[in-house]
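Scroll down for the structure; my scribbles are underneath it.
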Amino acid sequence: MRYNPKKIEAKWQKKWLAEKIYEPDLTSQRKNSRQDQTVKLRKPFYNLMMFPYPSAEGLHIGGMRTFTGVDIYGRIKRMQGHDVFEPIGLDAFGIHSENYALKTGRHPMKQAVILKKNFYRQLAAMGNGFAWDERLETNDPDYYRWTQWIFVQMFRHGLAYRKKQAVNWCPSCKTVLADEQVITGRCERCDSEVMKKELEQWFFRTTKYAERLLNNLEKIDWSERVKIAQRNWIGKSDGAIIRFPLTEIPSQPDGKHFVDVFTTRPDTLFGATFLVISPELAKFWMDIGWRVGDDVRDYVKTTLAERAIQARDAEPKKTGVFSGIYGINPANQEKIPVWIADYVLAGYGTGAIMAVPAHDERDFEFAKKYNLPIKIVVCPHYPEKTCPILDEAYTGEGHLVGSSVFDGMTSIAARATIVKHVGGKITIQYRLRDWLISRQRYWGPPIPMIYCEACARNKKGERNDTPGWYTVPEKNLPVKLPFIKNFRPTGTDRSPLASVASFYKVRCPGCKKEARRETDVSDTFLDSAWYFLRYPNVKNKKAAWDAAITKKILPVDSYIGGAEHSVLHLMYARFLTMALHDIGVLNFSAKGGSASGGEEPFPKFRAHGLITKDGAKMSKSKGNVVSPDEYIKAYGADAVRMYLAFLAPFEQDGDFRDTGIRGMTRFLERVWRMMQNFSSRHPEGAKRLKDPAKLRDASPTAQHDIQQVLHRTIKKVTEDIEHLHYNTAISALMVLLNSFEKHPEEVAQEYGGVFLKLLAPFAPHVAEELWQQMNAHTNAKLKMPNDKKKHSAFSIQYSAFRSVHREPWPKYNPRLIMEQTFELVVQVNGKVRGRVSVSRGISEADVVATARALESVKPYLAALPKKTIFVPDKLVNFVV
RNA sequence: GCCCGGGUGGUGGAACUGGCAUACACGAGGGACUUAAAAUCCCUUGCUCGUAAGGGCUUGUGGGUUCAAAUCCCACCCCGGGCACCA
């Protein structure tokens, strides 16, 4: 019998499915009405990969590498005795799928069915240990019913609200976008330049959680680069708000005679030589009656207009205009001009700043351009008070100068002191903005809200802060996305659903008069921000999740995904979990002593590397996307899995070359041949199996050597998998096979069995096939589940089926690993001059004597060494 | 500009807390088997000087610390990624 991947892979995939060997028991039961529900799971292990979206091109080879990497990890955990839960599903809603539908003209609902089928086919072909019974798709009403339910909870608890503001607008996708979905000024999905548009939209209050999102990062075990990305995104700044009285405000009606600025450097207050307000703030002042000259009016108008169109420049130009008014520096009562400039942003701090050109790069540049005074107040060379004329801003720390009574104080100490002196307020600012949830698109879950004009006029509504707005009653959920022919985005600020009267016409839940349904859908990232909560509960029709199951299985034990989601999905999921926890609808205790505190969904996260092709990122436009299909067809899933695991450390990028797959097939064929020795179907193997005892006595030394390699391999493979170093784990298996082949007569059957177990996570099909061959005489006779009529009978018979993937993971014996001897390295002046095998624990004196006697060393040791360095059980170095 | 990650043979990569650089593969060359090819098996394979024995050099570059540096420190170059007028 030859190694035939196609045949055995199909066979075992079918068998595993029929036997449900990858399905943990998620049923919960209540013994009597008073008791809490209990769950049967013993040692649950939630092994999760980031939610895939079913792209039109299908799964590509990089995706397969990720899934394989996650699966390898899950398989060792299963063999180590855990009830591994490794679910799979599709993030099927969203602009990506919808845009593809627009291109092909096929309706997204029909397309989803096709893509789903293709994606699941590809995923199944990899032979992963997925819990297929728990799969889910976000476009399934059974799923988005609960996405909508979550929105309702968020609204009721004040975490979802409406507000009008300048938001990101993608002109190509014709919808608004959250800040996180604008990647350096471009749309995360289609790469078009994003514009600003003033619109009223739904937001989630992520900013309320800024501090917790930041602090919890200390407690969770994540790839450091992802933590850093989140920290930067949250962007915490410690500073102060300082009030500057304004002079000469001719006719401001609300008596606003001051402007507040936010600064992180209150210590430089004496160096403030002008104030700058954002054009937006200027506009607001003008709207409430501030009279300005034509130049100012024109500047504000054109700047605001430009901001709406132009997204960003690589090197933004700073422009500005003097407003005509002055402010008073509260520290020294100096009168300083107020400028309006485009380098001050409306959405951060107070929308106004104090400019300290000597100690801020942007202020410096602006002051140079408009010839404004630059006053040094922090000196790094104190007490030599003469600071040179600056040709760039000095932003570091130092001692204060030119700051009246504070001179000589360190800039750090001066911060709080000066704030106190001028009556400022210590404040923390975050860069993080609230999450814009609305999308003016078709392919998503409709936001479950109703707007009543009449109630709005009477200032009525479900919440006081949002008159006119009501949630859809829970019993009416889901608000089903209707099948409409024209799903094309409108390009107005409304979704295509806004023209479907049968959809939006509805009764007001408050006054029962005619009202209008919200026609925007929610962001796809909301779908994927909670899917991990639904997986163990997909069969639950009554609730989004079951308390008992959730408590038992969450949080996710191992989460693996792309670093590109550092501030997207990973931030949203953390936020939503915290919010649901606070609302009181979600509760999972810290399972297994993890640091989640019941509010961190992913206590352990690792970012995988990307697969490139000839050094370039794979992309549809470059036409270099590699599909796993043809490779699986040609070489089998096992060889492809092994190749992908071998080509680079899992957390590192790797370049795809198909020549390497052949090498893996070669390896598996060698394994196959070796293991035929233990197959009762093979004449050679049958002979050996008859008399295993004879073999054990063959050669004690060789036996010991092989055993040593075997136990070292167990140790290495176990540890390497734990660290996701699959490449070195596989190389260890290769070393082991090499030594098996060198002394085939010394390889006992149990060694072959251990080898197969170690191989099982990487090449599950071959390992299973060979394992069953090896144990065919002890296992019940196998019958394949081809015969449908006998299926039920077969299930009973198969309780005897013992998959290698359910076998206990081998343990190594530390005694067997220990070497009796080691190779002593002899160096002279740090250069290796000789090696000699000596016994462990040898004394320094013995080592020196042995080393000096070596022929290869003698010529270098004519004189007595000046110094001898001895590292026990390692080396000796003579310095001459 | 700032912040991460990285730079090791022809290629992918290995090397625990400083202690044998180049494990394991791929590719290449040579050989065995074969009428032949494929497959398989065996040998060689960092660079360099030398007929050889043997020597010298080598982890992006330049310096430093050390008996000893891919590993630690300083400066710089290159590649990949993220952030970017956030006061």
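Numbered from 1 within each chain, the chains take letters A, B, ... in sequence-line order.
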**Study point:** Separation of the P atoms in rA69(B) and rA21(B), to the nearest angstrom
**Key:** 10 Å
Practice item. May I have the distance from N232(A) (atom CG) to rC2(B) (atom P), rounded to whole angstrom? Key: 14 Å
Review point. Is the backbone N or O of R225(A) less than 3.5 Å from a side-chain atom of S223(A), with the two atoms forming a donor-acceptor pair by type?
Key: no
Check your understanding: On RNA chain B, nearest-nucleotide positions of R673(A) versus G349(A): which is more 5'?
Key -> R673(A)
Check your understanding: So what does R431(A) touch, heavy atoms closer than 4.0 Å: a base, only the sugar-phosphate, or nothing?
Key -> base
Review point. Which whole-number value in Å describes the distance from M674(A) CE to rU40(B) P?
Key: 16 Å
Check your understanding: In whole Å, what is the span from the CD atom of E188(A) to the P atom of rG82(B)?
Key -> 12 Å
Check your understanding: Is rC41(B) paired to anything, Watson-Crick or G-U wobble with both distances less than 3.5 Å, and if yes, which nucleotide?
Key -> rG31(B)
Exercise for review: Determine the Euclidean distance between corresponding P atoms of rA14(B) and rC67(B); express it in Å to zero decimal places.
Suggested key: 32 Å
Revision key, fill the gap. Base orientation of rG9(B), chi within 90° of 0 counted as syn, else anti, reads syn
Review point. For the base of rC67(B), is there a side-chain donor-acceptor partner from K867(A) under 3.5 Å away?
Key: no
Review point. Which value, in whole Å, describes the distance between the C1' atoms of nucleotides rU11(B) and rU45(B)?
Key: 13 Å
Review point. Taking atom C1' in both rA28(B) and rU59(B), what distance in whole Å separates the two?
Key: 23 Å
Review point. Between F656(A) and Y643(A), does the ring centroid distance fall short of 6.0 Å?
Key: yes
**Study point:** Backbone N/O of D846(A) and side chain of S843(A): donor-acceptor pair under 3.5 Å
**Key:** yes
Study note, to complete from the structure: Taking for K236(A) and for V567(A) the nucleotide of RNA chain B with the nearest heavy atom, the one nearer the 5' end belongs to V567(A)
Exercise for review: Name the nucleic acid region contacted by V344(A), choosing base, sugar-phosphate or nothing; use a 4.0 angstrom heavy-atom cut-off, strictly under.
Suggested key: base
**Study point:** Inter-nucleotide C1' distance (rG29(B), rG10(B)), Å rounded
**Key:** 13 Å
**Study point:** P-based separation of rC74(B) from rU58(B) [nearest Å]
**Key:** 23 Å
Practice item. Report the base-pairing partner of rA68(B) (Watson-Crick or G-U wobble, both distances below 3.5 angstrom), or none. Key: none
Check your understanding: OP1 or OP2 of rA38(B) less than 4.0 angstrom from a side-chain nitrogen or oxygen of R662(A), does that happen here?
Key -> no
Point to revise | P atoms of rU61(B) and rU8(B), separation to the nearest Å | key: 10 Å
Point to revise | Watson-Crick or G-U wobble partner of rG18(B), both distances under 3.5 Å | key: none
Practice item. Choose from rA87(B), rC3(B), rC85(B) the nucleotide whose nearest atom is closest to any side-chain atom of I228(A). Key: rC3(B)
Exercise for review: Could you state the atom-to-atom distance from CG of D360(A) to P of rA87(B) in whole Å?
Suggested key: 9 Å
Exercise for review: Please check if the side chain of Y394(A) supplies one atom and the backbone of E397(A) the other of a donor-acceptor pair under 3.5 Å.
Suggested key: yes
Check your understanding: Could you run down nucleotides 12-24 of chain B 5' to 3' and tag each one B, S or - for protein heavy-atom contact under 4.0 Å?
Key -> BSS-B--BBS-BB
Exercise for review: Could you tell me whether the side chain of V640(A) reaches within less than 4.5 Å of the side chain of M664(A), counting heavy atoms only?
Suggested key: no
Review point. Which one is paired to rC47(B), where only Watson-Crick or G-U wobble pairs with both distances under 3.5 angstrom count?
Key: rG56(B)
Exercise for review: Name the nucleic acid region contacted by R2(A), choosing base, sugar-phosphate or nothing; use a 4.0 angstrom heavy-atom cut-off, strictly under.
Suggested key: nothing
Point to revise | Pairing partner of rC83(B) (Watson-Crick or G-U wobble, both distances under 3.5 Å) | key: rG1(B)
Review point. Which part of the nucleic acid, if any, lies within reach of K831(A) when heavy atoms closer than 4.0 Å are counted: base, sugar-phosphate only, or nothing?
Key: sugar-phosphate
Check your understanding: CD of E365(A) versus C1' of rG1(B): gap in Å, rounded?
Key -> 12 Å
Point to revise | Of the listed nucleotides rA84(B), rU40(B), rA87(B), the one nearest the side chain of W233(A) | key: rA84(B)
Check your understanding: Tell me: CD of E564(A) to P of rC83(B), nearest whole Å?
Key -> 12 Å
Exercise for review: May I ask you to verify if any side-chain N or O of S237(A) is less than 4.0 angstrom from the OP1 or OP2 atom of rA87(B)?
Suggested key: yes
Check your understanding: Under 4.0 angstrom, heavy atoms only, what part of the nucleic acid is R433(A) near: base, sugar-phosphate, or nothing?
Key -> base
Check your understanding: Under 4.0 angstrom, heavy atoms only, what part of the nucleic acid is G663(A) near: base, sugar-phosphate, or nothing?
Key -> sugar-phosphate
Review point. side-chain contact (heavy atoms from CB on, under 4.5 Å) between L177(A) and L436(A): does it pass, once the steps are laid out?
Key: CA-CA 7 Å; L177(A) 297 172; L436(A) 171 47; over 6 Å; no
**Study point:** Pairwise P distance, rA32(B) and rA37(B) [rounded to whole Å]
**Key:** 11 Å
Check your understanding: What integer distance in Å separates N829(A):CG from rG56(B):C1'?
Key -> 16 Å
Point to revise | Axial cation check for W672(A) ring with R2(A), 6.0 Å and 45° limits | key: no
**Study point:** Any donor-acceptor pair under 3.5 Å from Y299(A) side chain to T319(A) backbone
**Key:** yes
Practice item. Please check if the side chain of D179(A) supplies one atom and the backbone of R433(A) the other of a donor-acceptor pair under 3.5 Å. Key: no
Exercise for review: Please check if the distance between the ring centroids of F646(A) and F667(A) is under 6.0 Å.
Suggested key: no
Exercise for review: To the nearest Å, give me how far apart OH (Y635(A)) and P (rA25(B)) are.
Suggested key: 19 Å
Check your understanding: Counting only side-chain N and O atoms of Y343(A), is one of them less than 4.0 Å from OP1 or OP2 of rA87(B)?
Key -> no
